[in-house]
A.B. asks: 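Quick one: structure below, then a few questions.
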There are 2 protein chains.
Amino acid sequence: MTTIKDIAKIAGVSVATVSRVINESGYVNVDTRKKVEEAINVMNYSPNEVARSLYKRKSKLIGLLLPDITNPFFPQLARGVEDLLQENGYRLIFGNSDENEDKELDYIRTFVQNNVIGVISSTNFPDSDTYHKLKIPIVFLDRTSNESPSVYADGREGGRIAAREIILRGSKRITILQGPAHIKPAQDRFQGAIEVLEELGMTYDVIQTSSFSYGEAGKWAKELFDKHTDTDGVIASNDIVATAILQEAHRLGKAVPQDVQIIGYDDTPLSSLLSPSLSTIRQPAYDMGREAAGLLIRLIEQDKVEDSIIQLPVSFVERETTRTII
Amino acid sequence: MTTIKDIAKIAGVSVATVSRVINESGYVNVDTRKKVEEAINVMNYSPNEVARSLYKRKSKLIGLLLPDITNPFFPQLARGVEDLLQENGYRLIFGNSDENEDKELDYIRTFVQNNVIGVISSTNFPDSDTYHKLKIPIVFLDRTSNESPSVYADGREGGRIAAREIILRGSKRITILQGPAHIKPAQDRFQGAIEVLEELGMTYDVIQTSSFSYGEAGKWAKELFDKHTDTDGVIASNDIVATAILQEAHRLGKAVPQDVQIIGYDDTPLSSLLSPSLSTIRQPAYDMGREAAGLLIRLIEQDKVEDSIIQLPVSFVERETTRTII
DNA sequence: TTGTATGCGTTATCAT
DNA sequence: ATGATAACGCATACAA
């Protein structure tokens, strides 16, 4: 590996001078600058970020913690984060937490050990000690905590919209899937929907679920139609579950949306590809990722940051699993 | 931040001794070890990986380069990689290349700048200078290059299977989608299919495509049924494109699989959720990721590694877009 | 305008 | 069995 020393030798200057031209700091004569740049090009030199990081006590690395990149909602988030960071010269250390606190702590620790300059986390434990003690900027993504910087979509409103739309389109006996208890955004959207259901005096049933995995979704779907045969509207906790419901309805010979309406949540790419395509509440995942990255960069680079809590709007995406308004 | 110096002071020993207990290297008295461990626990100390990395000239970081995490095939790969690496104490620096060589080089450079100890890459340019000059182990994932370590599924065989199965199930006028020219695995599967088509003397048409994106897939679907009205079997370049074909067939009122059979490629989670669910060629993505990580670790930790080219089997997954064998 | 020297936190060598 | 110290590659304070 070629080091700053090699460059200095080749250019016939001291390492300090080389450092100056690299970092455009301090004075340096035009001619010597040229010599140095020449040497840098010839050797195809680029500075060792590890040494820099050690000296400055901070790197260009940012830690990203997501529950599970295999859940189609998260790649979009990740991509948004990565794009903006990359454009700004930052790089990503990435980990899946599986909503598991231990795994999460382990990652946070190695983030710190690697001098990451900030972290973006979709955690279920934003109030844990680990986060409070962190001395680097952190933004919670798709999660919130008090006054902490965070980027999320309005889950409660999303739930309200879902309930309103499905009622508006004529469902009378609604079943609502309650997402995993430990996942805050899932509870928010559930609460929002319940509110509207109550306000409008609708009769409804609730099915508890404990994960968002493809594997288990089918189970809830079966349970739903098993327990609540006369359901004519389903508010699912996310698109994955909604898809399973749709499949099960299909299997049972129920017509969607004529017999049962279904509303998903997230608007993952999947939802537009189903037949019938899935009506859903859209979260602007890619934008959320970008916003989170932007916020983190501001937190890192500026002294004072306003608007460190960013709430993005959700919206109803009308597709084919809901009827058209009469 | 608490450093090894702090621990040394608290434990009343030298930094050398602390280092010894941390790394379990050299002799250290049981009692002093206890004192040191005590201090480490009290201070919740963990060593600065950056300093370690600087001294040792290598980190515990591994670079992972994927085309686009937003394409549902790649999260599975990524997850496989991450799981195995994480279990072995390695961490991931992650980047999307968008199949763009410049972006890729940029990432490889920053990988090196950060002393990554190995790289896993799904690149279209495995023979580029950058990779040849890399002095750290690299494994190509879902890609191959000569004798270089790599993990991939047998694309040619996958293509052959797809063609065989669709013919076996009665399609006579097959249209085959040729994936992006610059993506090697896409061409492999295409070649494999063509071989069988030729061998069996089938008539077939080819549609060129230039990306795997959701956005453009619909375009090719339209083109396909537009140009080749009498097609009764479609071999798609991957599940995304197959899904678009399925949608378009549906829109045109063609019955699947009665009028048209469709075979996808990859077996992304998506494919089992469609209606009709998608028959496809399965690539064991998660396992490929794990294998790649395992191979890389062997490359890193062992002097000599056999079987550094790992080919995983593909298989036909029979679902509802193909007819049952007569 | 440039160079020398120091320290970032760690590991390893060499004494003791 | 333990400690003092050089070195990893870089950026900066200070001298010149």
Side-chain angles (χ1 to χ4, degrees), chain A residues 1-37 39-40 43-61 89 109-117 135-136, chain B residues 1-37 39-40 43-61 89 109-117 135-136:
Chain A
M1 197 186 46
T2 119
T3 75
I4 198 173
K5 246 182 185 165
D6 302 324
I7 302 298
K9 190 171 295 176
I10 295 174
V13 298
S14 76
V15 295
T17 302
V18 177
S19 180
R20 284 189 198 99
V21 349
I22 293 174
N23 298 291
E24 309 186 54
S25 63
Y27 301 94
V28 37
N29 185 296
V30 212
D31 293 336
T32 69
R33 150 164 295 130
K34 220 168 275 175
K35 280 191 300 183
V36 171
E37 284 169 345
I40 290 180
M43 300 301 293
N44 190 21
Y45 164 80
S46 48
N48 181 319
E49 285 295 338
V50 176
R52 280 185 163 172
S53 171
L54 181 59
Y55 179 84
K56 300 188 141 192
R57 291 206 194 77
K58 54 189 179 188
S59 68
K60 303 286 271 179
L61 298 173
R109 177 151 34 81
T110 73
F111 287 169
V112 173
Q113 288 181 294
N114 284 282
N115 283 5
V116 302
I117 195 180
K135 293 191 193 64
I136 50 179
Chain B
M1 199 186 46
T2 120
T3 76
I4 198 174
K5 249 183 184 166
D6 303 324
I7 303 299
K9 189 171 297 177
I10 295 175
V13 299
S14 76
V15 295
T17 301
V18 177
S19 180
R20 283 191 197 99
V21 349
I22 292 174
N23 299 290
E24 310 186 53
S25 62
Y27 300 93
V28 37
N29 186 296
V30 213
D31 293 336
T32 70
R33 149 164 295 128
K34 221 168 273 175
K35 278 191 302 183
V36 171
E37 284 169 344
I40 290 179
M43 302 300 294
N44 190 20
Y45 163 80
S46 49
N48 181 320
E49 285 295 338
V50 175
R52 279 185 164 172
S53 172
L54 180 61
Y55 181 85
K56 299 189 144 189
R57 292 208 198 74
K58 54 189 180 187
S59 67
K60 302 287 270 180
L61 298 174
R109 178 151 34 80
T110 73
F111 287 168
V112 172
Q113 288 180 294
N114 283 283
N115 283 3
V116 301
I117 195 179
K135 293 191 192 66
I136 49 178

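Numbered from 1 within each chain, the chains take letters A, B, ... in sequence-line order. Computed from a prediction, not measured in an experiment: that's the story for all the values here.
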A.B. asks: Name all residues meeting the side chain to side chain contact (heavy atoms under 4.5 Å, CB included) criterion together with A:Ile7; count only those two or more places apart in sequence or in a different chain, and write none if there are none.
C.D. replies: A:Thr2, A:Val18, A:Val36, A:Ala39, A:Ile40, A:Met43, A:Tyr45

A.B. asks: Angle between the end axes of the helix from C:dT1-D:dA16 to C:dT16-D:dA1, five pairs per end, to the nearest 10 degrees?
C.D. replies: 50°

A.B. asks: Could you state the atom-to-atom distance from CG of A:Asn29 to P of C:dT2 in whole Å?
C.D. replies: 5 Å

A.B. asks: Mind calculating the distance between CG (B:Asn48) and P (C:dT11) to the nearest angstrom?
C.D. replies: 10 Å

A.B. asks: Taking the nucleotide of DNA chain C with the closest heavy atom to each, which residue, B:Met1 or A:Gly26, is nearer the 5' end?
C.D. replies: A:Gly26

A.B. asks: Minimum heavy-atom separation for B:Asn48 and B:Met1, please, with both atom names.
C.D. replies: ND2-CE, 4.0 Å

A.B. asks: Taking all atoms of both residues into account, what is the closest heavy-atom pair of B:Arg109 and A:Ser46, and its distance?
C.D. replies: CD-OG, 3.6 Å

A.B. asks: Between A:Arg52 and D:dC10, does any side-chain N or O lie under 4.0 Å from OP1 or OP2?
C.D. replies: no

A.B. asks: Apply side chain to side chain contact (heavy atoms under 4.5 Å, CB included) to B:Val15 and list each qualifying residue two or more places apart in sequence or on a separate chain.
C.D. replies: B:Ile4, B:Lys5, B:Ala8

A.B. asks: Sub-3.5 Å donor-acceptor pair from the side chain of A:Ser59 to the main-chain atoms of A:Asn115, do we have one?
C.D. replies: yes

A.B. asks: To the nearest angstrom, how far is A:Ile4 atom CD1 from D:dT12 atom C1'?
C.D. replies: 11 Å

A.B. asks: Detail all sub-3.5 Å separations between protein N/O atoms and N/O atoms belonging to nucleotides 12-16 of chain C.
C.D. replies:
| from | atom 1 | to | atom 2 | distance (Å) |
| --- | --- | --- | --- | --- |
| C:dA12 | O4' | B:Tyr55 | OH | 2.7 |

A.B. asks: Which pairs count as side chain to side chain donor-acceptor pair (under 3.5 Å) when at least one residue sits in residues 24-36 of chain B, sequence neighbours excluded?
C.D. replies: none

A.B. asks: Nearest heavy-atom pair of B:Lys58 and B:Ile117: which atoms, and what distance?
C.D. replies: CD-CD1, 4.0 Å

A.B. asks: If every non-hydrogen atom of B:Gly89 is compared with every non-hydrogen atom of B:Lys60, which pair is closest and at what distance?
C.D. replies: O-CE, 3.6 Å

A.B. asks: With B:Thr110, which residues qualify under side chain to side chain contact (heavy atoms under 4.5 Å, CB included), at least two apart?
C.D. replies: A:Arg91, B:Tyr107, B:Gln113, B:Asn114

A.B. asks: Given atom CD of A:Gln113 and atom P of C:dC8, what is their separation to the nearest angstrom?
C.D. replies: 19 Å

A.B. asks: Measure from the side chain of A:Leu54, starting at C-beta and using heavy atoms only, and say which of D:dT2, C:dC8, C:dT11 lies closest.
C.D. replies: C:dC8

A.B. asks: In whole angstrom, give the distance that lies between atom CD1 of A:Ile7 and atom P of C:dT2.
C.D. replies: 17 Å

A.B. asks: Rounded to whole angstroms, how far apart are NZ on A:Lys9 and P on C:dT4?
C.D. replies: 13 Å

A.B. asks: What integer distance in Å separates B:Arg33:CZ from D:dG3:P?
C.D. replies: 14 Å

A.B. asks: Reckon A:Ser53 touches a base, only the sugar-phosphate, or nothing at all at heavy-atom distances under 4.0 Å?
C.D. replies: nothing

A.B. asks: Hey, which of these two, B:Val28 or A:Lys5, hits DNA chain D nearer its 5' end, going by closest nucleotide?
C.D. replies: B:Val28

A.B. asks: Closest approach to the side chain of B:Arg57, judged atom by atom: which nucleotide of C:dC8, D:dG9, D:dT2 is it?
C.D. replies: D:dG9

A.B. asks: Strictly below 4.0 Å: does A:Tyr45 bring a side-chain N or O up to OP1 or OP2 of D:dC10?
C.D. replies: yes

A.B. asks: Taking the nucleotide of DNA chain D with the closest heavy atom to each, which residue, B:Ser14 or A:Ala51, is nearer the 5' end?
C.D. replies: B:Ser14

A.B. asks: Rounded to the nearest Å, what distance is computed from the NZ atom of residue A:Lys58 to the C1' atom of nucleotide D:dT12?
C.D. replies: 14 Å

A.B. asks: Kindly say if B:Thr17 contacts the phosphate of D:dA1, meaning a side-chain N or O under 4.0 Å from OP1 or OP2.
C.D. replies: no

A.B. asks: Give a yes/no answer on whether the side chain of B:Thr3 brings an N or O atom under 4.0 Å of OP1 or OP2 in C:dG9.
C.D. replies: no

A.B. asks: Would you classify A:Val50 as touching base, sugar-phosphate or nothing, given that sugar-phosphate means primed atoms plus P, OP1 and OP2, and contacts are heavy atoms under 4.0 Å?
C.D. replies: nothing

A.B. asks: When you compare the side chain of A:Val13 with that of A:Arg20, does any pair of heavy atoms fall below 4.5 Å?
C.D. replies: no

